[in-house]
Engineer: 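Handing you a structure now.
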Amino acid sequence: MRNNDYNMNDEPNFPLDNNGTNSFGLPQDYFSIFEDKLKKKLELENELQAFPFLSSITKLDIFTVPNNYFESIERSLDYKFELESQSKLQAIKKPVFTELEADYKQQLEISIYHKIEIIEELIPYKALFHLDKVNSFIVSENYFEGVVERIKDKIHSTEENKQSIIEIVLDIIFGKTMAFSFGLSLIIGLSIFFYKTPESIVETSDCKTLACLERSEILNNNKIITNFDEEQLIDLVDVNTLNKQLNSKKEKVEAERKQNMDSISDEDIIDEL
Amino acid sequence: MIMQHYSDHEILALFRDESSRNMALHYLIQKYQQKLYWHIRKIVISHDDTDDVLQNTFIKVWKGLAGFKEESQLFTWLYRIATNESITFLKQKSRANTTSIHPIEYHLSKSLESDTFFSGDEIQLKLQKAILILPEKQRIVFNMRYYEEMPYDQMSEILETSVGALKASYHIAAKKIEDFLVSN
């Protein structure tokens with residue numbers, strides 16, 4: 001890059017000569033050390049010729065130091081020399097301050113403006129303005145240390161008790177209450193059924209047995225009768241009463257026939273003949 | 001003890017991962033317990049009641065965190081839940097106290113005098129009593145602005161009220177408190 005501010009008069013190796021002779025100067029012993037310098041350079045290059053890849057890499061100084069490193073070393077050395085006479089002070093470790101956040105200045109400005117705004121709001125209210133803004137509420141010692149665990153326990157206990165809707169519905173359907181009510185209704189239902197069944201047979205007869213039933217009654221109660229097995233039916237039939245019933249019916253039929261015969265006169269018979 | 005506070009975003013990321021959910025709960029409570037405690041305490045006054053409300057607040061937060069969409073700040077959402085829980089608690093307390101002809105604020109004010117967890121001097125007690133004569137919403141606005149020094153735009157998000165209305169509410173509350181302090 002061309003430097004426009006360059007002034008030849010400032011060049012130390014350029015002593016001005018008003019006589020018009022060579023005005024370019026040289027550093028002292030330049031030519032005496034030039035040969036040695038060149039020899040060393042050639043020696044180094046010869047060494048590297050055996051390693052063509054290495055010699056192809058441009059030699060750069062890639063390591064850097066933090067800004068103002070060397071100045072700070074000087075300062076810290078000065079500080080150490082100063083402290084040498086004060087051993088106690090030297091023993092204390094210097095605090096390391098963390099770097100400020102990038103937007104700290106901006107945040108600080110906002111926060112200061114906010115504080116001013118809050119104070120200014122209170123200016124019209126003198127009593128409030130002059131009052132110390134303190135938190136008079138206190139908490140028991142170590143209260144906040146236990147809060148995390150207590151809340152965690154409470155949350156976990158509620159999670160354990162948590163049931164899905166399906167579980168709740170199943171609980172209602174197959175739960176104790178439901179099972180009890182179902183059982184109770186079954187018992188009541190069966191009781192009514194078995195209480196009513198014998199009544200329908202017994203109530204319709206005089207003699208309290210199947211023998212006394214009329215045909216129509218038997219047909220009407222067909223369903224009930226079919227529910228009985230053979231043994232039960234035999235038990236229900238009273239043989240004596242049945243015989244009596246049959247005999248009385250026979251006698252009744254014969255008496256009617258006789259009565260009908262008696263009512264026909266002789267003249268009717270002659271006419272018929 | 002220096003406690004490391006995770007950012008809201010980090011806490012939410014921990015929550016979304018099933019394996020680190022418990023850790024998220026821990027950091028969430030650790031980060032916000034004190035802020036929320038003092039916010040609730042100023043509304044419900046008693047320490048024991050505050051403890052109950054604080055626990056209920058975190059339980060609600062925990063249950064609803066899966067549905068939190070990050071459209072608002074976590075901090076704002078937490079404050080909103082804490083405020084609503086405190087108001088609900090006071091309403092329940094008021095309903096339960098059917099024998100008294102006085103409003104709940106009267107009882108809160110009376111309880112302050114014998115509260116072992118209140119260390120204020122006479123003027124501080126008077127200030128708290130003055131705050132308790134305010135309507136509920138004004139009281140919350142005043143506490144948030146005066147004690148917590150919260151910016152109006154944040155309050156607006158929490159209380160879902162316009163900044164203008166909040167400013168008006170704060171000045172009316174300050175005027176009432178000033179009058180109370182001067183006249184008493």
Side-chain angles (χ1 to χ4, degrees), chain A residues 95-104 106-165, chain B residues 1 22 25-31 33-34 36-38 41-42 45-48 50-51 54-59 61-63 112 115-121 123-128 130 142 145-152 167 170-171 173-184:
Chain A
V96 181
F97 297 104
T98 51
E99 272 190 37
L100 295 172
E101 284 171 26
D103 60 345
Y104 172 74
Q106 203 186 345
Q107 290 296 325
L108 182 71
E109 201 178 320
I110 293 168
S111 132
I112 290 169
Y113 278 123
H114 176 63
K115 293 243 174 205
I116 291 169
E117 190 190 323
I118 286 171
I119 293 165
E120 279 181 344
E121 271 177 351
L122 285 174
I123 291 173
Y125 316 106
K126 281 180 186 165
L128 256 179
F129 182 74
H130 291 291
L131 211 66
D132 286 333
K133 206 187 273 187
V134 288
N135 182 8
S136 306
F137 295 100
I138 47 172
V139 288
S140 52
E141 211 179 337
N142 304 328
Y143 167 74
F144 288 113
E145 282 168 31
V147 170
V148 180
E149 288 310 315
R150 273 189 292 121
I151 294 174
K152 272 163 83 175
D153 287 347
K154 207 166 175 180
I155 286 172
H156 292 315
S157 68
T158 52
E159 274 176 357
E160 278 165 19
N161 294 332
K162 204 165 73 181
Q163 274 184 314
S164 72
I165 297 167
Chain B
M1 192 175 78
N22 261 337
L25 174 65
H26 185 86
Y27 293 134
L28 182 81
I29 301 170
Q30 203 179 57
K31 186 175 180 183
Q33 58 172 346
Q34 294 216 25
L36 293 182
Y37 175 88
W38 292 117
R41 181 78 190 267
K42 298 264 165 42
I45 304 296
S46 137
H47 166 74
D48 291 332
T50 308
D51 187 47
L54 183 71
Q55 289 188 27
N56 291 340
T57 301
F58 275 114
I59 290 170
V61 166
W62 190 244
K63 284 178 181 170
L112 260 181
D115 194 346
T116 49
F117 290 120
F118 184 79
S119 65
D121 53 15
I123 187 74
Q124 290 299 334
L125 182 65
K126 203 184 275 183
L127 173 62
Q128 286 307 319
F142 183 81
R145 185 70 179 165
Y146 183 78
Y147 285 111
E148 296 171 49
E149 300 190 343
M150 200 179 276
Y152 280 115
K167 279 184 182 175
Y170 178 70
H171 283 284
K175 176 87 176 66
K176 282 182 187 171
I177 291 167
E178 179 77 3
D179 291 345
F180 182 91
L181 292 175
V182 173
S183 59
N184 288 279

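Just so we're on the same page: letters track the sequence lines, and every chain starts at 1.
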Engineer: Taking all atoms of both residues into account, what is the closest heavy-atom pair of B/F180 and B/A130, and its distance?
Structural biologist: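 Nearest pair, atom of B/F180 first, then B/A130: CD2-CB, 3.3 Å.
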
Engineer: For chain A, find which of B/L125, B/L25, B/L28 contributes the most heavy-atom pairs closer than 4.5 angstrom.
Structural biologist: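 Heavy-atom pair counts peak at B/L25.
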
Engineer: Heavy-atom distance under 4.5 Å to chain B: side chain of A/L122, backbone, both or neither?
Structural biologist: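 When you check distances to chain B, only side chain atoms of A/L122 fall under 4.5 Å.
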
Engineer: Could you work out all donor-acceptor pairs shorter than 3.5 Å where one atom is in chain A and the other in chain B?
Structural biologist:
{"unit_1": "A/H114", "atom_1": "NE2", "unit_2": "B/E149", "atom_2": "O", "d": "2.5"}
{"unit_1": "A/K115", "atom_1": "NZ", "unit_2": "B/E149", "atom_2": "OE1", "d": "3.1"}
{"unit_1": "A/E117", "atom_1": "OE2", "unit_2": "B/R145", "atom_2": "NH2", "d": "3.0"}
{"unit_1": "A/E121", "atom_1": "OE1", "unit_2": "B/R145", "atom_2": "NE", "d": "3.0"}
{"unit_1": "A/E121", "atom_1": "OE1", "unit_2": "B/R145", "atom_2": "NH2", "d": "3.4"}
{"unit_1": "A/E121", "atom_1": "OE2", "unit_2": "B/R145", "atom_2": "NH2", "d": "3.1"}
{"unit_1": "A/E121", "atom_1": "OE2", "unit_2": "B/Y152", "atom_2": "OH", "d": "2.8"}
{"unit_1": "A/Y125", "atom_1": "OH", "unit_2": "B/H171", "atom_2": "O", "d": "3.4"}
{"unit_1": "A/Y125", "atom_1": "OH", "unit_2": "B/H171", "atom_2": "ND1", "d": "3.0"}
{"unit_1": "A/K126", "atom_1": "N", "unit_2": "B/E178", "atom_2": "OE2", "d": "3.0"}
{"unit_1": "A/A127", "atom_1": "N", "unit_2": "B/E178", "atom_2": "OE1", "d": "3.2"}
{"unit_1": "A/A127", "atom_1": "N", "unit_2": "B/E178", "atom_2": "OE2", "d": "2.9"}
{"unit_1": "A/L128", "atom_1": "N", "unit_2": "B/E178", "atom_2": "OE1", "d": "3.1"}
{"unit_1": "A/D132", "atom_1": "O", "unit_2": "B/Q124", "atom_2": "NE2", "d": "3.0"}
{"unit_1": "A/K133", "atom_1": "NZ", "unit_2": "B/Y146", "atom_2": "O", "d": "2.8"}
{"unit_1": "A/K133", "atom_1": "NZ", "unit_2": "B/E149", "atom_2": "OE2", "d": "3.0"}
{"unit_1": "A/S136", "atom_1": "O", "unit_2": "B/S119", "atom_2": "N", "d": "2.7"}
{"unit_1": "A/S136", "atom_1": "O", "unit_2": "B/S119", "atom_2": "OG", "d": "3.1"}
{"unit_1": "A/I138", "atom_1": "N", "unit_2": "B/F117", "atom_2": "O", "d": "2.7"}
{"unit_1": "A/I138", "atom_1": "O", "unit_2": "B/R41", "atom_2": "NH1", "d": "2.8"}
{"unit_1": "A/Y143", "atom_1": "OH", "unit_2": "B/D51", "atom_2": "OD1", "d": "2.5"}
{"unit_1": "A/F144", "atom_1": "O", "unit_2": "B/Q33", "atom_2": "NE2", "d": "3.2"}
{"unit_1": "A/R150", "atom_1": "NH1", "unit_2": "B/D51", "atom_2": "OD1", "d": "3.2"}
{"unit_1": "A/R150", "atom_1": "NH1", "unit_2": "B/D51", "atom_2": "OD2", "d": "3.1"}
{"unit_1": "A/K152", "atom_1": "NZ", "unit_2": "B/H26", "atom_2": "ND1", "d": "3.3"}
{"unit_1": "A/K154", "atom_1": "NZ", "unit_2": "B/Q55", "atom_2": "OE1", "d": "3.3"}
{"unit_1": "A/H156", "atom_1": "NE2", "unit_2": "B/N22", "atom_2": "OD1", "d": "3.2"}
{"unit_1": "A/E159", "atom_1": "OE2", "unit_2": "B/W62", "atom_2": "NE1", "d": "3.1"}

Engineer: Is there a side-chain contact between A/F129 and A/I119, using heavy atoms and a 4.5 Å cut-off?
Structural biologist: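 Of all side-chain heavy-atom pairs linking A/I119 with A/F129, at least one is under 4.5 Å.
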
Engineer: Between A/V139, A/V134, A/V147, which residue shows the highest count of heavy-atom pairs closer than 4.5 Å to chain B?
Structural biologist: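 Ranked by heavy-atom pairs under 4.5 Å with chain B, first place is A/V139.
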
Engineer: Rounded to the nearest 0.5 Å, how far apart are CD1 of B/I59 and CD1 of A/I155?
Structural biologist: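 Nearest 0.5 Å value for the CD1-CD1 distance: 5.5 Å.
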
